[in-house]
Amino acid sequence: MKLSNFEFDLPEELLAQYPVEHRDESRLMVLNRKEGTIEHKLFKDVINYFDEGDIMMLNNTKVFPARMYGNKEKTGARIEVFLLRELNAENRLWDVLVDPARKIRIGNKLFFGEDDSLVAEVIDNTTSRGRTLRFLFDGSYEEFRTKLVELGETPLPKAINRAVEPEDEERYQTIYAKHEGAVAAPTAGLHFSKHLLKRLEIKGVDFAETTLHVGLGTFSPVEVEDLSKHKMDSEQIIIPAASAEKINKAKAEKRKVCAVGTTVMRTIESSVSSNQQLNAYEGWTNKFIFPPYDFSIANAMITNFHLPKSTLMMQAAAFAGYDFLMEAYKVAVKEKYRFSSYGDAMLII
């Protein structure tokens, strides 16, 4: 498979800039691989495709306000700093992206907040836009983290081309988010409302939580035509033993085992035993899934409509089948489905 296989024309107006008013009323396209059919529903209709004993696997990561704006010493130039991951809590070292990067060199200092209450020094270059920062702050670690939250804003992806608004803090987060550590939301989960989760529960659908702290790996552009040469950045994952047990049981009973999102799919495919069982695991993954690929655990998947040439689209194509997914995307554009993080959803069964 080549990168150019995943190119398609996406009209700009189909890039969702805001979520729909009610989470579970986004549109849902249902792809049935066995029948080769495409149906058009609302997301809350997802309940009709699951029965008692089926299982939905959720990514319970929580987005932190990772985007900050600082001023460069002397020139006062405004610099966007995107926090990627904490490297060392004691020394307050962070991996970040900076924009514009050409202005930021080792030794530069950045000042944050109207009172310059937080200062960072650039101590290393990691990639063309990547830097390692050491934050200088008078106060305890808890106070430092509070200050980061106070100065940071919801890290909406670039496809959402507008300023962050107060509602984004709640809407760019799943309702079951628990463990802070993601710089982007696992967007397939944004469609679940409390009411819908309750209805699924009453129907007897079970839930298993896993964690993948969405980092840069999910969004780094693919820059090689030969997909086998693309390297994903590593992201932290956790599969608790109780979740693995639950998932293996449902699989053994031939139930529907549904991955809610590409991040869940990558998490579970990163820890499969030789006899196709899911193993509990805590560590890192740089798994990159593209067609053709044999999936071991899930037999259903919920995902959003993704941008051309993205690793997310490639993974959806691996699960749905390349030709079927490309056909579905053509239909989606024609029917004006909304794409990207705040867009509509697809259920592949």
Side-chain angles (χ1 to χ4, degrees), residues 5-11 14-16 19-20 22-50 54-59 157 159-160 174 184-193 196-197 200 205 214 218-219 256-269 289-291 293 295 297-349:
N5 292 137
F6 294 91
E7 182 63 275
F8 66 96
D9 285 330
L10 178 60
L14 297 186
L15 285 172
V20 291
H22 301 293
R23 285 179 186 263
D24 57 14
E25 290 187 355
S26 46
R27 291 164 77 191
L28 178 71
M29 182 187 279
V30 183
L31 271 57
N32 186 315
R33 294 175 293 174
K34 199 172 157 199
E35 310 291 335
T37 56
I38 293 176
E39 296 178 282
H40 305 288
K41 304 286 182 181
L42 288 180
F43 191 79
K44 57 188 175 187
D45 300 327
V46 82
I47 193 167
N48 301 327
Y49 296 87
F50 292 88
D54 290 345
I55 201 155
M56 284 188 170
M57 300 174 284
L58 310 174
N59 180 3
I160 297 174
T174 64
T187 55
L190 295 180
H191 305 283
F192 287 91
S193 62
L196 179 57
L197 282 182
L200 284 161
V205 174
V214 189
T218 301
F219 293 100
K256 265 206 188 86
V257 178
C258 180
V260 177
T262 56
T263 58
V264 169
M265 191 68 91
R266 281 181 45 232
T267 300
I268 58 177
E269 286 293 324
I289 297 172
F290 59 94
Y293 184 89
F295 291 85
I297 307 293
N299 52 22
M301 179 186 187
I302 293 170
T303 190
N304 273 28
F305 288 90
H306 304 295
L307 302 184
K309 301 204 283 198
S310 63
T311 60
L312 309 168
M313 179 192 177
M314 291 164 194
Q315 193 192 117
F319 193 73
Y322 172 78
D323 292 334
F324 195 20
L325 187 94
M326 295 309 283
E327 182 197 339
Y329 269 43
K330 265 195 194 120
V331 172
V333 169
K334 185 167 166 275
E335 298 292 331
K336 298 197 169 16
Y337 274 75
R338 300 157 78 246
F339 280 69
S340 192
S341 303
Y342 274 154
D344 295 315
M346 175 185 276
L347 168 65
I348 307 167
I349 52 176

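Atoms considered below: every heavy atom in the structure, side chains included; atoms not considered: hydrogens, waters and symmetry mates. Worth saying up front: this structure is predicted, and the values here are computed from it rather than measured.
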Point to revise | Heavy-atom closest contact (Pro186 atom, Val214 atom, distance) | key: N-CG2, 4.4 Å
Exercise for review: Check whether any side-chain N or O of Ser193 sits under 3.5 Å from a backbone N or O of Leu196 as a donor-acceptor pair, and report yes or no.
Suggested key: yes
Review point. Under 3.5 Å, is there a donor-acceptor pair between the Glu327 and Tyr322 side chains?
Key: no
**Study point:** Student check: side-chain heavy atoms of Met29 and Leu31 closer than 4.5 Å
**Key:** yes
Review point. Under the 3.5 angstrom rule, does the side chain of Arg33 hit a backbone N or O of Phe324 as a donor-acceptor pair?
Key: no
Review point. Any chance the side chains of Gln315 and Tyr293 put a donor and an acceptor closer than 3.5 Å?
Key: no
Practice item. Check whether any side-chain heavy atom of Lys330 sits under 4.5 Å from a side-chain heavy atom of Glu335, and report yes or no. Key: no
Practice item. Count the heavy atoms belonging to other residues, nucleotides or ligands that lie under 6.0 Å from CG of Asn48, then report whether that count exceeds 12. Key: yes
**Study point:** Val264 side chain near Leu58 side chain, heavy-atom distance below 4.5 Å
**Key:** no
Review point. For His40 and Tyr337, what are the C-alpha separation, side-chain angles and deciding distance, and is it a side chain to side chain contact (heavy atoms under 4.5 Å, CB included)?
Key: CA-CA 10 Å; His40 305 288; Tyr337 274 75; 2.6 Å; yes
Review point. Where does the angle between the aromatic ring planes of Tyr329 and Phe305 fall among parallel (under 30°), tilted (30 to 60°) and perpendicular (over 60°)?
Key: tilted
Check your understanding: Can you find a heavy atom in the side chain of Phe6 that is under 4.5 Å from one in the side chain of Pro308?
Key -> no
Point to revise | Side chain Lys256, main chain Tyr49, donor-acceptor under 3.5 Å | key: yes
Check your understanding: Run the side chain to side chain contact (heavy atoms under 4.5 Å, CB included) check on Leu347 and Phe50 step by step: do they pass?
Key -> CA-CA 11 Å; Leu347 168 65; Phe50 292 88; 4.1 Å; yes
Review point. Are side-chain heavy atoms of Asn59 and Thr267 found at a separation under 4.5 Å?
Key: no
Review point. Is a side-chain donor or acceptor of His306 paired with a backbone partner of Asn304 at a separation under 3.5 angstrom?
Key: yes
Practice item. Determine whether Ile349 and Asn32 make a side-chain contact, defined as any pair of heavy atoms from C-beta on separated by less than 4.5 Å. Key: yes
Check your understanding: Ignoring hydrogens and geometry, is there a side-chain-to-backbone donor-acceptor pair from Asp344 to Arg338 under 3.5 Å?
Key -> yes
Review point. Which atom pair, heavy atoms only, marks the closest approach of Met56 to Leu200?
Key: SD-CD1, 4.1 Å
Review point. Are Ile38 and Val30 close enough that some pair of their side-chain heavy atoms sits under 4.5 Å apart?
Key: no
Review point. Less than 4.5 Å apart, any side-chain heavy atom of Met313 and any of Leu325?
Key: yes
